[in-house]
Each structure stands twice: as structure tokens, then as C-alpha cells.
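Inspection log for the structure reproduced underneath, given as C-alpha cells.
Lettering of chains follows the sequences in order, A, B, ..., and the numbering in each one begins at 1.
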Number of protein chains: 2
Amino acid sequence: MTNVSSLEVRIEKKKLERAAYVLKCVAHPVRISIIDLLEQRTRLTVSELQEVLKIEQSLLSHHLTNMRDKGVVNTQREGKNVYYFLTDVSITNIIDCINGCKVF
Amino acid sequence: MTNVSSLEVRIEKKKLERAAYVLKCVAHPVRISIIDLLEQRTRLTVSELQEVLKIEQSLLSHHLTNMRDKGVVNTQREGKNVYYFLTDVSITNIIDCINGCKVF
DNA sequence: TAAATATATGAATACATGGTCATATATTTA
DNA sequence: TAAATATATGACCATGTATTCATATATTTA
């Protein structure tokens, strides 16, 4: 058995927990799609997302609330519409990971 | 409302489902840690992982089985030991995403 | 101000997941 | 071959998650 005494996880505990928490949010087909769409259009209303994704309004709303709770997206209301946008566009790097790793 | 007719998800459905499935597996503090450790050491036995991670043997085994089922890691037995290693090292790009995006 | 439009919320349910415990299997060593 | 070591498995339970349905809220328009 190799010596392992110098080996340690290079990510601190709090960061690990936060990362897992946010990744869990990303780990859903609809929510990955939303990230992809918001990379293309900067901001989209719920109706626009619904038109593209073709899922029930309330289900989409639940997904969006989930993503906002975790800081992945943010909102701005304009009249009847609520625009959703990525809090940090660099989260789209996850999609590059998906496309660049055979495991996915 | 902006025209959305040219907008679509740029990832095909099967790929989205597979990506979500694998991401769900990555989205856990212990499993992210395992990926980080296997980037540093190429391969590690269950005992070595246990020594670093300090979690119960059977819990670790469940995590590893989970990761293997999803194709994230693979194994090779050598005597009493089973070595685990990353199926595709480029999955560690996920950790770079975590470190490079404020949301995480 | 009533109706229409856009979005959010909450309850309920079914299913998945994480962790623990007891036990099983595989391999080596005494 | 019995004991020791390394790892895996299965049952169980508590908690979390996804989806649906009904309904609520906010804003605009007729």
C-alpha cells in the first residue's frame, strides 16, 4: 500500500458542500437546457422558456425558483413578464465539460 | 416579447439525460473529493481513500459503486485490494468549473 | 373595475438518495 | 484450513426531489 500521508482533498469543506449543492441543481435535463438557452439569449421570460422547452408552466416555475434559490439565475420583472438571466455566465463552462468528457 | 422561434437547446435529449445522470453522481461532497484525489494519484485503493476521507467503509463502498455504475470510475483488483481510477480524467474539468465560477 | 395574461406558490404524491448496520464475499497469510 | 484483511452487498429508514394539480398573486388592458 502506497504512502498516502501527504495526500489530501484540495477543496475546503464549505466549498465542497456549496459545490455539491449547486451541482445538484444543475444536474437535471430541464435545468441544463435553461442554462444553455440563457447563454444564447442573455435573458428570457418564463413564457419564452416555456415556448422552447414545452413543459408545464408551474413545473418550469418550480425549476426556475429552484435555480434562483441556489444563485444560478436571477430575475428582473418588466411589467407582466419576469426575465431570468444567469447570475454568472461562467457556469456555462459546465456544459463545455459535458461536451468535452466522454463519461457524459 | 422577443422572437424566440430560432432559439433551441443545443444539446440533444439523450445527451441531456446522460449529462444530468452523471452530474447527479458528481454532485456530492464525498464524490467530488474522490475525483480530486484520483486526479492527484491516478489510482487509489478503497483503504487509501478511506484513510484520507475518514468515512465508514461501507458508505465509501456505496459511493464508489455508485460512481462505477455511472462510468465515472473503474476498478482493477490486485490481490486483496481494489484500485479505483478515473475512467476519463477530463471529468476533473468539473472541479475547475467549480473553482472558476462565483456561483459555486 | 373586470377580464386577460404572466408568473408563483403550496399541497400531495411517488420516487430517489444518503447513511447505517449487519453480513457476505474474495484474497492472503499464519 | 482457519483467521485476518479488504471490499461489497442488501435491508432499512429518513430525508430529499420531481411532478402534478389547484389556486394565488401581480400587472396590464378592455
Side-chain angles (χ1 to χ4, degrees), chain A residues 1-4 13 16-35 37-38 41 43-70 72-85, chain B residues 1-4 13 16-35 37-38 41 43-70 72-85:
Chain A
M1 173 132 118
T2 317
N3 181 350
V4 110
K13 196 179 173 191
L16 274 174
E17 275 160 13
R18 172 76 192 165
Y21 181 71
V22 175
L23 274 181
K24 223 171 283 176
C25 172
V26 176
H28 188 287
V30 169
R31 295 190 297 256
I32 297 171
S33 300
I34 291 169
I35 291 172
L37 294 171
L38 290 177
R41 285 297 174 96
R43 62 175 210 163
L44 289 164
T45 66
V46 179
S47 306
E48 289 171 333
L49 285 165
Q50 201 184 343
E51 194 181 332
V52 178
L53 294 171
K54 292 174 176 61
I55 62 174
E56 212 208 327
Q57 183 273 318
S58 96
L59 178 55
L60 176 55
S61 189
H62 279 303
H63 281 302
L64 290 169
T65 301
N66 181 349
M67 294 172 86
R68 190 171 59 177
D69 287 350
K70 277 142 191 170
V72 174
V73 295
N74 229 309
T75 55
Q76 48 198 181
R77 179 176 275 275
E78 268 177 35
K80 284 185 290 189
N81 300 304
V82 174
Y83 283 93
Y84 279 80
F85 57 95
Chain B
M1 172 133 119
T2 317
N3 181 350
V4 112
K13 197 180 172 189
L16 274 174
E17 274 160 13
R18 172 76 193 164
Y21 181 69
V22 175
L23 273 182
K24 223 172 285 178
C25 172
V26 177
H28 189 286
V30 168
R31 297 190 296 255
I32 297 172
S33 299
I34 292 170
I35 292 172
L37 294 171
L38 289 176
R41 286 295 175 97
R43 64 176 208 163
L44 288 164
T45 66
V46 180
S47 305
E48 289 172 332
L49 284 166
Q50 202 184 341
E51 193 181 333
V52 178
L53 295 171
K54 294 175 175 58
I55 61 173
E56 213 208 327
Q57 182 274 319
S58 96
L59 178 54
L60 176 55
S61 189
H62 279 304
H63 281 301
L64 290 169
T65 301
N66 181 349
M67 293 173 85
R68 190 171 59 176
D69 287 350
K70 277 144 191 171
V72 175
V73 295
N74 229 309
T75 55
Q76 48 200 180
R77 178 176 276 275
E78 268 176 38
K80 285 183 292 188
N81 300 305
V82 174
Y83 283 92
Y84 278 81
F85 56 95

Item to check | Spacing between A:L44 atom CG and C:dT7 atom P, to the nearest angstrom | outcome: 11 Å
Next on the checklist: The side chain of B:K24 is closest to which nucleotide in this list: C:dA8, D:dA8, C:dT17?
Outcome noted: C:dT17
Next on the checklist: For D:dT29, give the paired nucleotide (Watson-Crick: N1-N3 plus N6-O4 or O6-N4; G-U: N1-O2 and O6-N3; both under 3.5 Å), or none.
Outcome noted: C:dA2
Item to check | Close side-chain approach of B:Y84 to B:L44, heavy-atom, < 4.5 Å | outcome: no
Item to check | Atom pair distance, as rounded to whole Å: CE in B:M67 and P in D:dA8 | outcome: 13 Å
Next on the checklist: Expressed as a whole number of angstroms, how long is the span from B:Y83:OH to D:dT7:C1'?
Outcome noted: 14 Å
Checklist entry - So what does B:R31 hit on the nucleic acid, given a heavy-atom distance under 4.0 Å: a base, only sugar-phosphate, or nothing? => result sugar-phosphate
Checklist entry - Taking the nucleotide of DNA chain D with the closest heavy atom to each, which residue, A:N66 or A:Q57, is nearer the 5' end? => result A:N66
Checklist entry - Can a cation-pi geometry be assigned to A:R43 and A:Y83, taking NZ or CZ under 6.0 Å from the six-membered ring centre and within 45° of the ring axis? => result yes
Next on the checklist: If I take atom NE2 in residue A:H63 and atom P in nucleotide D:dA18, what distance separates them, rounded to the nearest angstrom?
Outcome noted: 7 Å
Checklist entry - Among C:dC21, D:dT7, C:dG18, which is the nearest nucleotide to the side chain of B:H28? => result C:dG18
Next on the checklist: Closer than 3.5 angstrom, by distance alone: can the side chain of B:S61 be matched with the main-chain N or O of B:Q57 as a donor-acceptor pair?
Outcome noted: no
Item to check | Strand partner of D:dC12, provided both Watson-Crick or wobble distances fall under 3.5 Å | outcome: C:dG19
Checklist entry - For D:dT17, what is the paired nucleotide under Watson-Crick or G-U wobble rules, both distances under 3.5 Å? => result C:dA14
Item to check | Among C:dA8, D:dT5, D:dC21, the nucleotide that comes nearest once only the side chain of B:K80 is considered | outcome: D:dT5
Item to check | A:E48 CD - C:dT5 P separation (whole Å) | outcome: 17 Å
Checklist entry - How close or far is atom C1' of D:dT5 from atom CG of B:N81, stated in whole angstroms? => result 9 Å
Checklist entry - In whole angstrom, what separates B:L59's CG from C:dA22's P? => result 16 Å
Item to check | Separation of C:dT7 P from A:I34 CD1 (nearest whole Å) | outcome: 13 Å
Checklist outcome for this item: Which of D:dA18, D:dT20, C:dT7 is nearest the side chain of A:E56? It is D:dT20
Checklist entry - Looking at C:dT7, C:dT9, D:dA6, which one has an atom nearest to any side-chain atom of B:S47? => result D:dA6
Next on the checklist: Does D:dT17 have OP1 or OP2 under 4.0 Å away from a side-chain N or O of A:Y21?
Outcome noted: no
Checklist entry - Are the side chain of A:R31 and the backbone N or O of A:C25 linked by a donor-acceptor pair below 3.5 Å? => result yes
Checklist entry - What nucleotide, of C:dT20, C:dT7, C:dA11, holds the atom closest to the side chain of A:H62? => result C:dA11
Item to check | B:R77 (side chain) donor-acceptor with B:V82 (main chain) under 3.5 angstrom | outcome: no
